[in-house]
Amino acid sequence: MGRRYEIRLSGTGGQGVVLAGIILAEAAGRWKSGQYVVQTVSYGPQVRGGLSSAEVVISNESIDYPKPVKLDLLIPFTQEAANAGPPLMKEQGLIIQDPELVPRAPSGWVAELPLTKLAVESTGQARMANVVAIGAIGAICPLLDPAAVEAAVAERSSDRLRESFLKAVEAGRRAAESIRDQVVFKMPLSTED
């Protein structure tokens, strides 16, 4: 049986979740030959301000269904996205919570990672929280290589913002490495509110 890893970034239009999903898919596709990747997006009724999600499915076998079945990793950028998360998760899936964006942690396996604070500290811009999330995912997902993530970010960013993007990715990677070894995937997710 193959190894399939499912990621969702979810928030509102304008938070950069779609860009983050595209970059993660590009990084996964360039890392290993023979690795399959599918990236999908969904938008709410409006582009900016409506609910928006990006999903990335990575597998070492052909992907016959492009949408996530049960998420391994969820990064919600709004409380609404966090509240919807637990039923979507694998039993040992991980939800990364930014306490500035999601004040009430969803139930289940939650690791707190201050994405917005790290973005401000590393780049001076809170809007780089999505790029910090990319770095964190690169450190946590076993089917991604942090160097491939960095290369994909550098390729996707403009010359003017490349340095900020790379600083944000590095901040996310370092922060996720500090929690990665502490996260023991043994506690089942609860769907109770």
Worksheet entry | Flag, side chain of E6 to backbone of V69, donor-acceptor distance under 3.5 Å | yes

Please report, to 0.1 Å, the donor-acceptor pairs under 3.5 Å made by any side chain of residues 123-134, with sequence neighbours excluded.
{"from": "T123", "atom 1": "OG1", "to": "A119", "atom 2": "O", "distance (Å)": "2.7"}
{"from": "T123", "atom 1": "OG1", "to": "Q125", "atom 2": "N", "distance (Å)": "3.1"}
{"from": "T123", "atom 1": "OG1", "to": "Q125", "atom 2": "O", "distance (Å)": "3.4"}
{"from": "Q125", "atom 1": "OE1", "to": "R127", "atom 2": "NE", "distance (Å)": "2.8"}
{"from": "Q125", "atom 1": "OE1", "to": "R127", "atom 2": "NH2", "distance (Å)": "2.9"}
{"from": "N130", "atom 1": "ND2", "to": "G16", "atom 2": "O", "distance (Å)": "3.0"}

Worksheet item: Once you round to the nearest 0.5 Å, how far does CD1 of I58 lie from OH of Y36?
Response: 14.5 Å

Worksheet item: Looking at A105 and V110, what are the two nearest heavy atoms and their distance?
Response: CB-CG1, 4.3 Å

Worksheet item: Taking R3 for the side chain and N60 for the main chain, is one N or O donor matched with an acceptor at less than 3.5 Å?
Response: no

Worksheet item: So, do Y5 and L73 sit near enough that their side-chain heavy atoms are less than 4.5 Å apart?
Response: yes

Discussion item. When you group the ILVMFWY residues by side-chain heavy-atom contacts below 4.5 Å and let the links chain together, are L19 and L144 in the same group?
Written reply: yes

Worksheet item: Rounded to the nearest 0.5 Å, how far does CZ of R162 lie from CD of E155?
Response: 9.0 Å

Worksheet item: Do you know the tightest heavy-atom contact between G29 and V37?
Response: N-CG2, 3.6 Å

Worksheet item: Run the salt bridge (charged side-chain N to carboxylate O under 4.0 Å, His left out) check on K117 and E100 step by step: do they pass?
Response: CA-CA 8 Å; K117 180 180 176 190; E100 273 188 55; over 6 Å; no

Worksheet item: Are more than 12 heavy atoms from other residues, nucleotides or ligands located less than 6.0 Å from atom CD of E80?
Response: no

Worksheet item: Could you state the interatomic distance from CE (M89) to CH2 (W109), rounded to the nearest 0.5 Å?
Response: 12.0 Å

Worksheet item: What's the verdict on side chain to side chain contact (heavy atoms under 4.5 Å, CB included) for V56 and I137, showing C-alpha distance, side-chain angles and the deciding distance?
Response: CA-CA 11 Å; V56 180; I137 294 167; over 6 Å; no

Practice prompt. Answer with yes or no whether the hydrophobic clustering places V120 together with I75; edges join I, L, V, M, F, W, Y residues whose side-chain heavy atoms lie under 4.5 Å apart.
Written response: no

Item to complete: Apply side chain to side chain contact (heavy atoms under 4.5 Å, CB included) to the pair V102 and I95, showing each step before the final yes or no.
Response: CA-CA 11 Å; V102 180; I95 300 171; over 6 Å; no

Discussion item. Is there a side-chain contact between L118 and R174 in this structure, where contact means two heavy atoms from C-beta onward sitting under 4.5 Å apart?
Written reply: no

Fill in: Crowding at CD, E163 (>12 non-hydrogen neighbours, <6.0 Å)
no

Worksheet item: If we only count heavy atoms from C-beta on, is the E121 to P114 side-chain gap below 4.5 Å?
Response: no

Worksheet item: Are any of the side-chain heavy atoms of T40 and K67 separated by less than 4.5 Å?
Response: yes

Practice prompt. Report yes if the side chains of S10 and L51 come closer than 4.5 Å at any heavy-atom pair, otherwise no.
Written response: yes

Practice prompt. Can you measure from CG (L74) to CD1 (I7) and round to the nearest 0.5 angstrom?
Written response: 11.0 Å

Response to the item:
Heavy-atom closest pair (S52 atom, V17 atom, distance to 0.1 Å) is OG-CG2, 3.5 Å

Worksheet item: Would you call R4 and I63 a side-chain contact if the rule is heavy atoms closer than 4.5 Å?
Response: yes

Worksheet item: Which pair of heavy atoms, one from P76 and one from A82, lies closest together, and at what distance?
Response: CB-N, 3.5 Å

Practice prompt. Report yes if the side chains of F77 and D98 come closer than 4.5 Å at any heavy-atom pair, otherwise no.
Written response: no

Discussion item. With side chain to side chain contact (heavy atoms under 4.5 Å, CB included) as the criterion, how do N83 and R104 come out once you've worked through the C-alpha distance, each side chain's angles and the decisive distance to 0.1 Å?
Written reply: CA-CA 9 Å; N83 294 346; R104 292 181 320 279; 3.9 Å; yes

Item to complete: Taking all non-hydrogen atoms of both residues into account, name the closest pair between T78 and G11 and its distance.
Response: CG2-CA, 3.9 Å

Discussion item. Using the rule given for side chain to side chain contact (heavy atoms under 4.5 Å, CB included), can you reason through V149 versus R173, listing the C-alpha separation, both sets of side-chain angles and the distance that settles it, and then say yes or no?
Written reply: CA-CA 10 Å; V149 170; R173 184 192 57 75; over 6 Å; no

Item to complete: Rounded to the nearest 0.5 Å, what's the gap from CG on L115 to CD on Q97? Could you check?
Response: 10.0 Å

Item to complete: Heavy atoms only: give me the nearest T12-Q15 pair and the separation to one decimal.
Response: N-OE1, 2.7 Å

Practice prompt. Please round to the nearest 0.5 Å and tell me the distance separating atom CG of L9 and atom CG of L24.
Written response: 6.5 Å

Worksheet item: Between Q35 (side chain) and A28 (backbone), is there a donor-acceptor pair under 3.5 Å?
Response: yes

